[in-house]
Amino acid sequence: MKTRENTIAINKADFQKIGYELINTISDFFDEIPKKPITTSKTPKELQQLLEHSALPENGLEAEKLIANASKLLINNSLFNGHPKFFGYITSSAAPIGALADLLAAAINPNVGAQILSPIATEIEKQTIQWLAEFIGVSPNYGGVLVSGGNMANFTAFLAARTAKAPKDIKENGLLNTSKQLLIYCSKSTHTWIDKAAILFGHGTKSVRWIPTDTSNKMNISILEQTLKEDLKKGLQPFLVVGTAGDVSTGVVDNLEAISAICKTYNLWFHIDGAYGVPAAIIPELKKMFQGIKEADSIALDPHKWLYSPLEAGCTLVKNPKHLIDTYSSHPEYYNFSLTEEGGSLNYFEYGLQNSRGFRALKVWLALQQLGKNGYIKLLREDIELSKYFYTLAKEHPELEAITQNLSIATFRYVPKNFKENNTYLNTLNETLLDALQKGGEMFLSNAIIEGKYSLRTCIVNFRTTQKDIKECIEIIVKEGRKTHLKLQTNKH
Ligand SMILES: Cc1ncc(COP(=O)(O)O)c(C=O)c1O
């Protein structure tokens with residue numbers, strides 16, 4: 001082969017043309033999001049028919065057409081979590097700077113597993129992690145690693161906790177040789193990652209002690225301590241307590257200070273799942289809510305939630321990053337990564353589960369600079385204010401029952417006028433209503449079950465939402481609520 005026809009490369013002129021067209025399409029898209037339905041009403045079958053090729057193409061196709069077609073396909077058939085009336089689950093409107101950052105990161109394509117393969121990207125990730133620690137108000141000595149999201153951030157910390165607190169030979173001998181069962185403690189409202197972690201790392205879900213919550217949905221601290229004592233008496237070995245800073249259903253922050261005190265008394269690892277709520281610790285008037293955060297051995301947070309980063313970006317912070325190295329570092333013969341002229345080098349493959357790693361730090365790093373601390377404080381405060389506004393409007397409306405409001409999450413349910421209390425019917429009504437609202441495309445919210453009540457739930461991590469959107473959403477919910485109630489009543493007779 002004397003010369004090589006490089007068919008996968010795109011020449012400079014074509015790249016510019018295709019790229020500019022794509023950027024134009026994306027800027028029009030950003031502009032038009034508010035006018036679009038949030039989601040498509042097409043069925044999976046209809047969507048499958050839009051994908052022209054049922055088989056892998058035999059021969060290559062033109063890049064320009066491919067990018068144009070893909071843009072059209074996505075813009076016409078997606079669910080837009082960037083829509084100002086999107087409040088479902090915990091998925092934010094993504095900052096546009098993140099889209100540019102991802103393009104740049106993919107173009108340079110550093111492998112941020114090893115410093116030698118990603119000289120400046122490694123430094124940027126390191127700075128991003130230090131800034132995230134500063135953002136939430138813990139010591140800049142916390143170290144960590146960026147991961148794909150909340151689950152991975154929590155998994156990464158879980159294993160570090162086990163290495164630190166379990167018998168020293170656990171890495172070599174695994175769980176089979178531990179004489180005492182290792183136990184994990186968390187509140188009833190902890191996210192499902194904890195079960196996955198217990199399964200993934202071989203403990204089994206029976207090793208998780210789900211501690212009941214008190215009336216404000218925080219972990220009941222006296223039951224936590226009582227359970228610990230009983231387990232110790234039985235000869236079992238507690239090693240980890242998880243506090244949640246912003247639970248996924250209602251946004252409540254556990255009493256972190258009290259959990260930290262218990263962890264100190266019983267020599268346990270204190271982990272905070274702050275995937276959703278911990279960025280709010282930057283707001284001066286909310287600092288008290290997060291008291292105890294500085295004592296955490298590890299913290300999970302999720303830039304792709306309340307820092308408005310595009311998916312995917314999560315982060316594990318560890319007070320003493322040595323615990324990550326102890327857990328994840330290995331040195332195969334074919335790695336020549338360890339030393340620089342100044343000493344040891346920073347290789348992120350030694351800090352977590354991934355080996356080759358993308359440059360997800362860039363989008364987080366750039367957004368942190370675009371907004372600065374004050375910009376974030378303003379946006380987060382506004383999201384919280386809007387959530388309180390949602391709750392107030394629900395409270396004032398005769399056909400809505402406001403249930404909870406914490407951080408930027410409000411819960412409520414539709415109750416028809418002159419309705420005689422029947423919780424089972426209200427649960428069915430609100431579940432059917434949620435379905436109709438999610439499919440309707442006018443707004444998007446999700447649900448929470450609160451003390452047996454099937455509730456509608458809005459989580460505002462959305463810099464595009466305004467008061468007008470909220471007012472309109474209340475009207476949409478009530479209009480759909482009436483329709484759904486009528487339909488259910490008609491079907492009954
Ligand atoms: C408190 C909490 N932890 C963990 C997760 C999981 O995060 P991810 O979906 O990014 O994996 C979520 C997701 O909503 C969450 O709210």
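What you see below is based on every heavy atom in this structure, not just the backbone, and it leaves out hydrogens, waters and symmetry mates. Computed from a prediction, not measured in an experiment: that's the story for all the values here. As the structure lists them, so they are numbered: ligands from 1, and atoms in each ligand from 1.
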Is it the case that more than 12 heavy atoms not belonging to K165 sit under 6.0 Å from its NZ atom? yes

Residues pairing under salt bridge (Lys or Arg N to Asp or Glu O under 4.0 Å) where one sits in residues 260-288, two or more places apart or in two chains, turn out to be K264-E295, E285-R381

Touching ligand 1 at all, M152? Heavy atoms, strictly under 4.0 Å? no

Got the closest protein heavy atom to atom 6 (C) of ligand 1, with its distance? N151 OD1, 3.3 Å

Specify the protein heavy atom at minimum distance from atom 7 (O) of ligand 1: its residue, its atom name, and the distance to 0.1 Å. K305 NZ, 2.8 Å

Select one of side chain, backbone, both or neither to describe which atoms of D247 lie under 4.0 Å from any atom of ligand 1, heavy atoms only. neither

Checking Y276 against D302 for the side chain to side chain contact (heavy atoms under 4.5 Å, CB included) test, could you report, in this order, the C-alpha distance in whole Å, the side-chain angles of both residues, the deciding distance, and whether it holds? CA-CA 6 Å; Y276 155 56; D302 240 1; over 6 Å; no

Is any side-chain N of the basic residue among E475 and K471 closer than 4.0 Å to the acidic one's carboxylate O? no

Could you check whether F444 and F87 have their ring centres less than 6.0 Å apart? no

Run the contact test for E312 against ligand 1 with a 4.0 Å cut-off on heavy atoms, strictly below, and give the result. no

Can you sort out which atoms of ligand 1 are near A275, meaning under 4.0 Å from one of its heavy atoms? 2 (C), 3 (N), 4 (C)

Return the closest protein heavy atom for atom 1 (C) of ligand 1 as residue, atom name and distance. D273 OD2, 3.2 Å

Distance filter under 4.0 Å to I90 heavy atoms, resulting ligand 1 atoms: 14 (O), 16 (O)

Quick one: nearest non-hydrogen protein atom to atom 15 (C) of ligand 1, plus distance? H191 CD2, 3.5 Å

Salt bridge check, K85 against D469: does any charged N sit closer than 4.0 Å to a carboxylate O? yes

Search all heavy atoms of G150 against all heavy atoms of A275 and return the closest pair with its distance. CA-CB, 4.2 Å

